[in-house]
Amino acid sequence: MKEKIQEILKEALQALMHEGAIPAHDIGSLGLSVPANREFGDFASNAAMVLASRAKRKPRDIAAVIKERLETLTDVFERIDIAGPGFINLVVSPGMWVSVLGEVLQAGSAFGTSSFGAGLKVQVEFVSANPTGPLHVGHGRGAAVGDTLARILKAAGYDVQSEYYINDVGNQMNMLGLSVLSRYRELHGAETPFPENGYKGSYIGDIAGALKDARGSELLDMDEAEAVAACRHYAANAILEGIREDLELFNVRFHNWFSESALYEDDKVEEMLAYLKSIDLSYEENDALWFRTTRFGDEKDRVLRKQDGSLTYFAPDIAYHKDKLDRGFGKVIDIWGADHHGYVPRMRAAIEGLGAPKEAFHALLIQLVSLVRNGQPVQMSTRSGEFVTLREIIDEVGKDVCRYFFMMRKSDAQLVFDLDLAKKKSDENPVYYIQYAHARICSILRNAREQGLSPDAPDCDLSRLGSGDDLEMIKSLASYPDVVVSCAADLEPHRIAYYVLELATAFHRFYNRNRVISDDRGLTLARLTLISAEKQVLANALDLMGISAPESM
RNA sequence: GCGCCCAUAGCUCAGUUGGAUAGAGCGUUUGACUACGAAUCAAAAGGUCGCAGGUUCGAGUCCUGCUGGGCGCACCA
């Protein structure tokens, strides 16, 4: 709805500026807001005040000109008021609001989608955990946020691809191989020291056991390097398979899995280094190869190839992002743990160095998740292998609750995950509160059907919904498309979690104060239409978060 | 030492490009089921938006300084 009003306002302002009736100004900066106070109408514009300060005219005079034009231009407004210092307050006509219900039911699961993104190719890369162990809670938050953001961007009209980057090269993978080999030898009774910084989790033993089942004692006869490689390969596959299963359970499915090792196999890293050299963005110094990232705002140049000849982690990362750009993505969104924030300027510099505008790259930082049980923090430490896995949390509280809880905070704010609250099936738990609203509507619709009532009936009179609680509920669901766009524009998917909670609140309030099915047939049919639309929007919003909308619970 | 993020009700947190009287949940107090699901609703109380300046018609929001917390400052990954 807001978008429609914005269009109308824009049209009026453009015409007036063209005629010289009001000073010319960038229309994009003239805001339309939803006033906090209902007395100020459905929408309010500050256009007159902004223009007045430019033109040295009285805001209220300019507002009067705009008001007049809007009145001749359209009849969607029931009332236009000039208030306070020069706000133009707009009250949308009930008929206009009611017509939204038809749009919702017509569009169905597509209600809320828009062409805001104009088909721009966007990639969202998230989770991207090393295949050295199962996903833990922190990865879960990244998965929930990333997947929800991808869904939101798609709904907002972007051409979205989600991707998981598999860091299957490097020391940590070698350590994985060594750790598994050590456990494998133990299983064969061979004395073997466990690597100092090895992975100590019990899953390593499980993998070694599976490897023993699959290949017997074969690896004992190999030379060290060969055996480690075999272990590494086997373990990485097994762990990655587990990660895929966990994500599947979490309702997260990637369009693409991109392997770091493929970068090397396809010579992408060397190609990138040659490219940087060709455009003079790299240089040799102290027997190392450097990237001139300072040219793009980084605080110091960064090493690509170390003195010992090996590459830094930065090098394949640049090659990976070059590959992303080469694949035609106009916007590349990386979702990282907040502890990597120091890495952002350097990556952004690299993107610029590769010739893309710096706005093409966005890093969304995900803050820590801490678990609380019985009011006490749950201790976690990756190093010792004592961490709570995503799988354990899903098994304990369920996928839906888990996904919602991870969306409850701005991604760059720390999140306290209260396991006791998560398991409560009461109004304290927002997930049940929201799903209950959906189930309740389904229940009413079932009752109505049994009584032979259908909102499609010809004597359904939607004009009965133009006031009071009915109108309030329509307004709450009509803002859904605006919320989706706002989430997409600002890359803040958590807003959808707050919105859907408000939507549920609007329904529960309505339900407690009004009868849907009553003796008044016309009103009953209209309200059945109303709650059908409400149900649709609840389901659509929940779907953006990958959360189910149960028919009963 | 340098840089980034955060500071809003007793608690956990929203607050969209700067807008009018700063919101929600929990907790506290008091009410509502012989009609569609009480896993629900209504009402009350609760604030110097960390502190001090500045920008302007207007600041929780932008700028500067300070205080207090988190994180990062590798030829680690």
Side-chain angles (χ1 to χ4, degrees), chain A residues 2 28-37 39-40 44-46 49-50 52-53 59 83-87 89 130 132 167 169-173 175 285-290 299-300 302-314 317 337-345 365 367-368 408-410 412-416 418 421 424-437 439-448 450-451 482-483 485-487 489-490 492 494-495 497-498 501-502 504-505 507-518 524 527-528 531 552-553:
Chain A
K2 187 179 171 186
S29 66
L30 302 177
L32 187 69
S33 62
V34 180
N37 191 330
E39 289 168 27
F40 299 138
S45 172
N46 63 356
M49 288 181 292
V50 176
S53 62
F87 286 103
N89 293 336
N130 300 336
T132 56
N167 286 115
V169 177
N171 291 340
Q172 80 279 10
M173 292 306 294
M175 193 53 73
E285 192 176 291
N286 295 333
D287 297 324
L289 182 67
W290 299 72
E299 56 188 9
K300 56 172 288 196
R302 306 292 175 174
V303 172
L304 294 164
R305 196 196 305 278
K306 296 178 256 181
Q307 274 183 347
D308 66 4
S310 66
L311 294 170
T312 60
Y313 189 79
F314 190 35
D317 251 11
D339 54 339
H340 288 78
H341 73 80
Y343 202 70
V344 175
L365 301 174
Q367 266 291 3
L368 288 178
M408 284 200 304
R409 300 281 173 267
K410 230 178 328 194
D412 61 1
Q414 294 196 9
L415 172 75
V416 177
D418 185 334
L421 175 61
K424 260 186 211 166
K425 303 201 170 180
S426 75
D427 56 347
E428 292 171 59
N429 186 332
V431 183
Y432 287 100
Y433 180 88
I434 295 160
Q435 291 183 323
Y436 182 57
R440 229 178 186 182
I441 292 171
C442 291
S443 172
I444 299 170
L445 293 173
R446 278 193 298 271
N447 290 339
E450 279 166 22
Q451 295 174 38
D482 304 323
V483 173
V485 166
S486 127
C487 288
D490 300 332
E492 295 203 341
H494 73 282
R495 288 181 199 163
Y498 282 90
L501 190 60
E502 282 171 23
T505 303
F507 171 72
H508 286 310
R509 161 196 279 261
F510 176 87
Y511 175 89
N512 274 277
R513 306 210 297 200
N514 304 277
R515 294 278 312 167
V516 173
I517 299 171
S518 67
T524 297
R527 283 186 169 163
L528 287 173
I531 65 169
S552 64
M553 48 196 288

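A note on names: the letters A, B, ... follow the listed sequences, proteins ahead of strands, and every chain is numbered from 1. Just so it is clear, the model here is predicted, and its values are computed rather than measured.
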Distance, [atom1] atom - from [M] to [N], rounded to whole angstrom:
N: B:C75; M: B:C62; atom1: C1'; answer: 40 Å
N: B:G60; M: B:G53; atom1: P; answer: 14 Å
N: B:G65; M: B:A20; atom1: P; answer: 28 Å
N: B:U55; M: B:G18; atom1: C1'; answer: 12 Å
N: B:A43; M: B:G23; atom1: P; answer: 14 Å
N: B:G54; M: B:G68; atom1: C1'; answer: 23 Å
N: B:U56; M: B:C13; atom1: C1'; answer: 31 Å
N: B:A7; M: B:U21; atom1: P; answer: 23 Å

Who is the Watson-Crick or G-U wobble partner of [N], with both distances under 3.5 Å?
N: B:A9; answer: none
N: B:G19; answer: B:C57
N: B:A42; answer: B:U30
N: B:G1; answer: B:C73

Give [X] one of three labels, base, sugar-phosphate or nothing, depending on what nucleic acid heavy atoms sit under 4.0 Å from its own.
X: A:Asn286; value: base
X: A:Gln307; value: base
X: A:Lys424; value: nothing
X: A:Glu299; value: sugar-phosphate
X: A:Ser552; value: base
X: A:His340; value: base
X: A:Gln414; value: sugar-phosphate

In whole angstrom, what separates [X]'s [atom1] from [N]'s [atom2]?
X: A:Leu415; N: B:G70; atom1: CG; atom2: C1'; value: 15 Å
X: A:Asn514; N: B:G37; atom1: CG; atom2: C1'; value: 17 Å
X: A:Ile441; N: B:G37; atom1: CD1; atom2: P; value: 12 Å
X: A:Arg305; N: B:C76; atom1: CZ; atom2: C1'; value: 18 Å
X: A:Arg302; N: B:C75; atom1: CZ; atom2: P; value: 8 Å
X: A:Tyr343; N: B:A77; atom1: OH; atom2: C1'; value: 9 Å
X: A:Phe40; N: B:A20; atom1: CZ; atom2: P; value: 8 Å
X: A:Arg527; N: B:C36; atom1: CZ; atom2: P; value: 15 Å

So, is [X] close to the [N] phosphate, meaning a side-chain N or O under 4.0 Å from OP1 or OP2?
X: A:Lys410; N: B:U8; value: no
X: A:Tyr432; N: B:A38; value: no
X: A:Arg495; N: B:A14; value: no
X: A:Ser443; N: B:G37; value: yes
X: A:Arg513; N: B:A32; value: no
X: A:Lys306; N: B:A74; value: no
X: A:Tyr498; N: B:G23; value: no
X: A:Asn447; N: B:G37; value: yes

Taking atom types as they are modelled, would you say the side chain of [X] forms a donor-acceptor pair with the base of [N] within the 3.5 Å cutoff?
X: A:Asn46; N: B:G19; value: yes
X: A:His341; N: B:C5; value: no
X: A:Asn89; N: B:A20; value: yes

Nearest of [options] to any side-chain atom of [X]?
X: A:Val416; options: B:C4, B:C13, B:A20; answer: B:C13
X: A:Arg446; options: B:G37, B:A42, B:U12; answer: B:G37
X: A:Thr312; options: B:G15, B:C75, B:G72; answer: B:C75
X: A:Asn171; options: B:G37, B:A20, B:A77; answer: B:A77
X: A:Arg515; options: B:G37, B:C57, B:A35; answer: B:A35
X: A:Ala44; options: B:A20, B:U16, B:C36; answer: B:A20
X: A:Tyr436; options: B:C71, B:A38, B:C13; answer: B:A38
X: A:Tyr511; options: B:G15, B:C36, B:C75; answer: B:C36
X: A:Ala439; options: B:G15, B:G37, B:C73; answer: B:G37
X: A:Asp490; options: B:A14, B:U16, B:G37; answer: B:U16

Tell me, do [X] and [Y] make a side-chain contact under 4.5 Å, heavy atoms counted?
X: A:Arg495; Y: A:Asp490; value: yes
X: A:Glu450; Y: A:Asn447; value: yes
X: A:Lys2; Y: A:Val485; value: no
X: A:Gln367; Y: A:Leu415; value: no

field: Base orientation of B:C33, syn vs anti, 90° cut from 0
entry: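 For B:C33, whose glycosidic angle is within 90° of 0, the conformation is syn.
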- prompt: Do you know the tightest heavy-atom contact between A:Ala504 and A:Ile434?
  reply: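 Here A:Ala504 and A:Ile434 meet closest at CB-CA, 3.8 Å.
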query: Would you call the rings of A:Phe314 and A:Tyr343 parallel, tilted or perpendicular, where under 30° means parallel and over 60° means perpendicular?
result: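 Taking A:Tyr343 first and then A:Phe314, their aromatic rings stand perpendicular (interplane angle over 60°).
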message: Angle between ring planes, A:Tyr511 versus A:Phe507, binned at 30° and 60°: parallel, tilted or perpendicular?
response: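 It falls in the tilted class, 30° to 60°.
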To the closest 0.5 Å, what do you measure between [atom1] ([X]) and [atom2] ([Y])?
X: A:Phe510; Y: A:Ile441; atom1: CZ; atom2: CD1; value: 10.0 Å
X: A:Thr312; Y: A:Leu304; atom1: OG1; atom2: CG; value: 5.5 Å
X: A:Asn514; Y: A:Ile531; atom1: CG; atom2: CD1; value: 11.5 Å

message: Pick the closest RNA chain B nucleotide for A:Cys442 and for A:Gln172 by heavy atoms, then say which residue is nearer the 5' end.
response: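 On the 5' side of the pair lies A:Cys442.
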query: Taking for each residue the nucleotide of RNA chain B bearing the nearest heavy atom, is the 5' side occupied by A:Phe87 or by A:Asp482?
result: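 Of the two residues, A:Asp482 wins.
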